[in-house]
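Bear in mind that the values here come from a model prediction, so they are computed numbers and not experimental data.
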Amino acid sequence: MKYLPDDVFAAHVSIPGSHDTATGHNVTLASSSKAQEKTLDEQLAGGIRAFDFRPDLKTINGEKVLNCNHGLASTDLTFKDAMQKLADYLAAHPSEFMAIHMFRGNTKNDGNADSRAEISRQINEILNEGEITEYIVDYNPYLKVKDMRGKIVIFRRDAIAYADIHKAGNLGGWPGDADLWVAGCAATATNASDMGMYGKIRVTDVSSPKGDATKLETEKQSIINLFNYNCTEVRPNEAARTNGSYKPEWTMMFTSGEGTASGQKGYLGNAEITHPLLIDLINNAEQSGPTGIVLSDWVLVDSHEYSGTTYNTRGAAVVTAIIENNFKYIGEFILDDELFTDGIPEIPEANPISGNEYYFRNVATGQFLSCGADWGTRSVIADQGLRITPLYSRLDGNYMLNTTMRQHGEYVPNILGPDMYVDNSAFQAVNFVPAGAPDTYYLTYNGSVTDEGSETPRDAVVALAPERNVTGNTYTDGSKYLIVPLEFTEGDTRLQWELLTEEKLLAALATEATKEKGVDLSFMIHGNKVRANDGDNNSWVLTNELVKPTSSNSYKIRTECWGSNEWYDKDQVFRVFNSGYSASYADNYAWTLSQTVNGLPNGIYNVSVQALAANTPLDNDDEFTFTVNGIDMRQGMHTEENGTIDCAAALAKFRDESLGFCRIKRENIIIEDGKLEIKATGNVPENLKRAFFFDNFGLSYFGRVETGLESVGLTDKTIGSDTPVEVYSLSGIMLRQSTPFTDALEGLESGIYIVRAANICMKVAK
């Protein structure tokens, strides 16, 4: 790499790399997992500069150590040792630089929580806090060769999103295993510490044809398409002169995969096909161009014998071809100093909406941008909205729309994508164009439209808008309007969105509340999708002190948010539960789950929720309580005493009309300090599996009420101050009788009471 010019974008360098890099280190399950023969040291010496690592835990000398894996298969190379080898090589060869593709081992984003936590801890220790971190460059799309020398750039896949690598380029929008690469297809790489710092990365990764002729042809054609595109793309200087700016795009080309069969045979057979293909493309190109990062199997090995068959892998020849390819085109990519300054280009001025959370209310319909159709994640408009944070890009002045949806686990960003789904890890960048009214905007981008009567789309500036269900599907959430990009027309209110903070939306709705007709403030109760499309996992607080620390899930209380995975059906259920019991760990089974909602207008509320308790008494405060602002919610709650019940079974109960959908409701709850505290407590004092389930909280507001003895709407008749009255709770229990009206509520707690004198009956608030 010392022969490469400094003033070239690193994205335009042809870099040979190894897929499943560590499998040359005595990989277990070799028949299914081995993709390399050479060790990491041999690969470095042979010119490999891009590496595919898949960390997971391995027990070594009784300790769980972060290891280099291929799925379940482990190797004899720890992740720390692998990173140290790279750092040592760079220290000895400071003109070189490297790229890492980071994928999961066997632990997924929704895998074992303890494993995720330990993997994250060790990755943080190695990559964020250790000596290795000085060798890692902070990703941005404008990195040049001179920025990269002696450094490593890490690209982290969303499949291992639970691992926080501070300087990584986090990859989103990865193509499917059978996707053909065509011009315009790209994943995104987003700076881990600054989501507004992002770029595109062209990827082809058809990894598992396994003898499928169609998929194998897709893999070959994708390599051809991507290489040819890179060769013929407009060079940076020309593009900058023509367009006024230029943003480079990285390339990551996988020639690896199980092409002709499964396992090691498949990797060998695939190499026989893809390596000669890429070599010929490089050698015979009419106009040369970058391959970008190429991740290959059997690197530095031209032939390999396995199970009685010799495979002509051309793994050494492909590395040589990629390296030499640089010097066929690199002169055309040297940057003009007058067009390209060092570092990130000048930053446009940010709009103050960035980083704030809003509800997007469509001006024409009065409904909010939400989701629900098609797997529960297609963007729609609905009566209740999705909380959305616009994130400003310091590179181009666009925004991404980050949502509270959590379709793929709490670690993966869920962003409005180009397909109009809101659970993408890749995004559709939009502009906010002022629409005239305060806090009201058009959401625009350069797209395409197809005119009526035409089959050919044309380029156009489009704006996001609701349009009546264009797919013809029927959705269980009742969605009638999908969000689609329509051609931008100034003044069209369908294209206009009012941005409301939660505080402003709350204030606007509160003014509409009356004693006869409440307003729905359910959106104020957050978290874990117990409100539609809300994956905020910080709202519900579980307090569960492990008096005896343990890694076993059987000896502690856990929580789970589970959702149906059926088409058009994404209902979520939350539970607190224990999966086992041990008298030795009895003190571990006490728990409290709570959420405090702040900032509510004072006044009268109704609260409803679907709830169910399994193997849990409803009349023993030591073993279970469930309250809202101190009001007991247990009366009328459905119970199950038939052994273990899981979330799927609870969801079935919540949908059972004969059980009243397991809904409980409390009326006339008084809020005087702007707070609503939801709290459940529990304990497991014996060898039982217990669970508390809930879903779909409802919160209705009926306006303010003055303190003192004042009617709230049952009658306009009056009672004399000395008239003897009876006082009842709202559930009908007599609390007092023959008490003068002026003293009726003396000494009672704040709340709503029924006061009766002869034939006059009224609700009275204290």
Side-chain angles (χ1 to χ4, degrees), residues 9-15 141-142 155 169 171-190 198-207 214-255 257 274 277-278 280-282 284-295 322 325 328-329 332-333 395-396 398 400 417-421 424-430 445-450 454-462 485:
F9 288 127
H12 294 147
V13 177
S14 297
I15 304 175
Y142 293 97
F155 293 100
L171 299 176
W174 201 257
D177 188 54
D179 288 353
L180 175 69
W181 192 90
V182 295
C185 291
T188 57
T190 304
Y198 62 82
K200 291 185 177 181
I201 181 164
R202 305 163 189 162
V203 178
T204 176
D205 182 19
V206 185
S207 62
T214 300
K215 286 186 178 181
L216 195 56
E217 184 59 32
T218 298
E219 180 181 23
K220 292 162 56 181
Q221 193 60 51
S222 292
I223 293 170
I224 294 169
N225 291 353
L226 182 50
F227 178 75
N228 288 340
Y229 183 90
N230 286 358
C231 288
T232 57
E233 70 173 322
V234 178
R235 282 14 185 181
N237 293 332
E238 181 184 349
R241 290 190 186 98
T242 302
N243 303 318
S245 64
Y246 177 80
K247 188 176 181 179
E249 296 182 1
W250 286 74
T251 293
M252 194 172 290
M253 180 188 297
F254 286 76
T255 63
T274 59
L277 172 64
L278 183 57
D280 288 344
L281 287 170
I282 292 171
N284 299 321
E286 292 184 11
Q287 181 180 11
S288 295
T291 63
I293 297 167
V294 181
L295 296 168
I322 294 167
N325 183 56
K328 297 179 179 181
Y329 66 83
E332 301 172 12
F333 285 78
L395 301 182
D396 53 24
N398 291 323
M400 64 181 79
D419 53 7
M420 296 298 109
Y421 284 69
N424 289 260
S425 52
F427 51 87
Q428 175 60 62
V430 299
Y445 64 92
N446 292 327
S448 63
V449 296
T450 302
S454 173
E455 296 182 358
T456 304
R458 60 178 174 83
D459 294 339
V461 176
V462 297

Nearest non-hydrogen partners of [X] and [Y], listed with the distance:
| X | Y | answer |
| --- | --- | --- |
| Gly289 | Cys231 | N-SG, 3.2 Å |
| Pro418 | Ala426 | CD-O, 4.5 Å |
| Ser207 | Asp177 | OG-OD1, 2.6 Å |
| Glu332 | Pro236 | O-CD, 4.4 Å |
| Leu171 | Ala189 | CD2-CB, 3.9 Å |

### Query
Should Glu217 and Lys220 count as an ion pair when the cut-off is N to O under 4.0 Å?
yes
With side-chain contact (heavy atoms from CB on, under 4.5 Å) as the criterion, how do Thr242 and Val234 come out once you've worked through the C-alpha distance, each side chain's angles and the decisive distance to 0.1 Å? CA-CA 10 Å; Thr242 302; Val234 178; 5.9 Å; no
task = Take Asp179 and Val206 through the side-chain contact (heavy atoms from CB on, under 4.5 Å) test and state the conclusion after the steps.
result = CA-CA 7 Å; Asp179 288 353; Val206 185; over 6 Å; no
Within a reach of under 6.0 Å around NZ of Lys200, are more than 12 heavy atoms found that belong to other residues, nucleotides or ligands? no
| task | Examine the side chains of Thr251 and Asn230 and answer whether a donor and an acceptor come within less than 3.5 Å of each other. | result | yes
inquiry  = Go through it in stages, so that I can follow the logic: the residues are Met252 and Asp205, the test is side-chain contact (heavy atoms from CB on, under 4.5 Å), and I'd like the CA-CA distance, side-chain angles, deciding distance and then a yes or no.
reply    = CA-CA 8 Å; Met252 194 172 290; Asp205 182 19; over 6 Å; no
What distance separates [X] [atom1] from [Y] [atom2], expressed to the nearest 0.5 Å?
| X | Y | atom1 | atom2 | result |
| --- | --- | --- | --- | --- |
| Phe227 | Ser14 | CZ | OG | 7.5 Å |
| Gln428 | Asp419 | CD | CG | 9.5 Å |
| Asn398 | Phe427 | CG | CZ | 8.5 Å |
| Thr190 | Met400 | OG1 | CE | 5.0 Å |
| Thr291 | Ile223 | OG1 | CD1 | 11.0 Å |
| Gln287 | Asn228 | CD | CG | 10.5 Å |

Practice item. Establish, for the pair Lys247 and Tyr198, whether the NZ or CZ atom is under 6.0 angstrom from the six-membered ring centre and no further than 45 degrees off its axis. Key: yes
side-chain contact (heavy atoms from CB on, under 4.5 Å) test vs Ile322 passes for just one of Val13, Thr255, Leu278, namely Leu278
From the list Val203, Leu226, Thr218, side-chain contact (heavy atoms from CB on, under 4.5 Å) with Trp181 holds only for Leu226
**Prompt:** Between Thr450 and Thr456, is there a donor-acceptor pair closer than 3.5 Å when you use the side chain of the first and the backbone of the second?
**Reply:** no
Would a distance-only check, ignoring hydrogens and angles, find a side-chain to backbone donor-acceptor pair under 3.5 Å from Asn225 to Val182? no
_Could you walk me through whether Val449 and Arg458 satisfy the side-chain contact (heavy atoms from CB on, under 4.5 Å) test, starting with their C-alpha distance in whole Å, then the side-chain angles of each, then the deciding distance to 0.1 Å, before giving a yes or no?_
CA-CA 6 Å; Val449 296; Arg458 60 178 174 83; 3.7 Å; yes
Quiz prompt | Student check: side-chain heavy atoms of Leu395 and Pro141 closer than 4.5 Å | solution = yes
Legend entry - Heavy-atom side-chain proximity of Val461 to Asn446 below 4.5 angstrom: yes
Practice item. Name the orientation class of the two ring planes belonging to His12 and Tyr246 (parallel below 30°, tilted from 30 to 60°, perpendicular beyond 60°). Key: tilted
